[in-house]
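See below for the structure under consideration.
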Amino acid sequence: MSNDFYKQSIVPCEGIIVKICRAYTDTQEDFEDYFQEVCLQIWKSKDNFQGQSAWSTWVYRLSLNVCLTMVKKKKRVQLISEQPIIVEDLENTFFSNESLNLLYAAIKKLSEIDRAIILLYLEEKSYKEIAEITGATANNIGVRINRIKERLKKLLDGKIN
């Protein structure tokens, strides 16, 4: 990957990639692996970008797909090894802001698609943009976001269970 491509195409979207990778990982090591894989896939797939949406929208979609694929692979490896993967306690996570940790812990309790939707919503994407990225309808996104907010509120009120 050229330094120019990284600076021009990945750095401006780094926040997007970080948020998505963080929502699908529990450890610093996994986060770094996911982040690196997303960046690699962006570089490998850059010629597939057709300009039908904003570059950031395309990066969102690609990042989500990469993270979901990696989550599935990790689950398969865990099933094959039959040894539990130890997840660090919330207090020992690699992020220091406690309220942000609580929010991410609650988000991790959501289904994979609901996680993607709420992350896009928190990034202030429109219902139309979220629908485009996730493949749902804008009306469906509105309903899902309301349900997700209710679920997150319950999780946060109970301090995550």
Side-chain angles (χ1 to χ4, degrees), residues 1-81 84-90 92-97 99-136 138 140-141 144-145 148 152 160:
M1 180 181 321
S2 74
N3 198 24
D4 287 341
F5 177 79
Y6 186 82
K7 285 179 185 175
Q8 293 173 354
S9 302
I10 293 182
V11 170
C13 297
E14 207 168 52
I16 294 167
I17 300 167
V18 166
K19 288 174 188 169
I20 293 171
C21 292
R22 183 173 177 192
Y24 289 95
T25 58
D26 295 311
T27 65
Q28 179 70 27
E29 183 178 279
D30 284 347
F31 170 80
E32 291 171 2
D33 288 345
Y34 281 46
F35 185 88
Q36 183 176 17
E37 185 64 23
V38 167
C39 291
L40 177 64
Q41 291 306 321
I42 290 170
W43 179 73
K44 282 182 170 181
S45 303
K46 67 185 180 295
D47 294 333
N48 295 337
F49 178 66
Q50 299 173 354
Q52 295 174 344
S53 63
W55 175 257
S56 61
T57 301
W58 186 79
V59 168
Y60 258 111
R61 176 169 264 179
L62 191 134
S63 299
L64 283 171
N65 288 337
V66 169
C67 288
L68 291 173
T69 300
M70 292 185 75
V71 165
K72 288 175 187 172
K73 283 181 184 177
K74 189 173 182 177
K75 284 180 183 176
R76 272 187 263 148
V77 168
Q78 184 179 5
L79 289 173
I80 292 169
S81 70
I85 295 174
I86 299 170
V87 178
E88 297 178 14
D89 293 333
L90 186 59
N92 296 327
T93 58
F94 48 96
F95 300 102
S96 59
N97 184 320
S99 59
L100 197 54
N101 282 340
L102 286 172
L103 177 61
Y104 272 98
I107 289 172
K108 287 177 186 175
K109 298 282 184 185
L110 301 172
S111 70
E112 291 172 357
I113 189 66
D114 285 350
R115 266 188 253 174
I117 290 169
I118 200 66
L119 288 172
L120 292 166
Y121 175 77
L122 292 172
E123 194 63 32
E124 299 181 355
K125 296 291 182 186
S126 70
Y127 289 0
K128 183 180 176 187
E129 289 174 301
I130 297 170
E132 182 181 316
I133 292 169
T134 61
N140 180 263
I141 294 299
R144 287 187 84 151
I145 286 173
I148 294 167
L152 286 174
I160 317 302

(request) Carefully, step by step, assess Y24 and M70 under the rule side chain to side chain contact (heavy atoms under 4.5 Å, CB included). (result) CA-CA 9 Å; Y24 289 95; M70 292 185 75; over 6 Å; no

(request) For the residue pair F49 and W55, categorise the inter-ring angle as parallel (less than 30°), tilted (30 to 60°) or perpendicular (more than 60°). (result)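 The rings of F49 and W55 stand perpendicular, inter-plane angle above 60°.
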
(request) Please identify each residue that fulfils salt bridge (Lys or Arg N to Asp or Glu O under 4.0 Å) with K125, with sequence neighbours left out. (result)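 Result, salt bridge (Lys or Arg N to Asp or Glu O under 4.0 Å) vs K125: none returned.
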
(request) Indicate whether the side chain of Q41 and that of E37 have a donor and an acceptor atom separated by less than 3.5 Å. (result) yes

Side-chain touch [X]/[Y], heavy atoms, less than 4.5 angstrom:
X	Y	answer
Y60	K19	no
S9	I42	no
Y34	V66	no
I130	I145	yes
I107	L122	yes
E29	D33	yes
C21	C67	yes
L119	E123	no

Exercise answer: donor-acceptor pairs, residues 110-117 side-chain atoms, under 3.5 Å, sequence neighbours excluded:
from: S111; atom 1: OG; to: D114; atom 2: N; distance (Å): 3.2
from: S111; atom 1: OG; to: D114; atom 2: OD2; distance (Å): 3.4
from: E112; atom 1: OE2; to: K75; atom 2: NZ; distance (Å): 3.3
from: D114; atom 1: OD1; to: R144; atom 2: NE; distance (Å): 3.2
from: D114; atom 1: OD1; to: R144; atom 2: NH2; distance (Å): 2.7
from: R115; atom 1: NE; to: L110; atom 2: O; distance (Å): 3.4
from: R115; atom 1: NH1; to: A23; atom 2: O; distance (Å): 3.3

(message) Quick check against the 3.5 Å criterion: does K7 have a side-chain atom that pairs as donor or acceptor with the backbone of D4?
(response) no

(message) Quick one: does any side-chain atom of S45 pair with a main-chain N or O of N48 as donor and acceptor, under 3.5 Å?
(response)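 Checking the backbone N and O of N48 against the side chain of S45, no donor-acceptor pair under 3.5 Å is found.
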
(request) Could you tell me which non-hydrogen atom of R61 sits nearest to which non-hydrogen atom of G135, and how far apart they are? (result)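 Minimum heavy-atom contact is NH2-N, 3.8 Å.
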
(request) Would you name the heavy atoms of F31 and V18 that are closest together and state the gap between them? (result) CE1-O, 3.6 Å

(request) Please assess E32 against Q28 for the test side chain to side chain donor-acceptor pair (under 3.5 Å), listing each intermediate value before the final yes or no. (result) CA-CA 6 Å; E32 291 171 2; Q28 179 70 27; 2.8 Å; yes

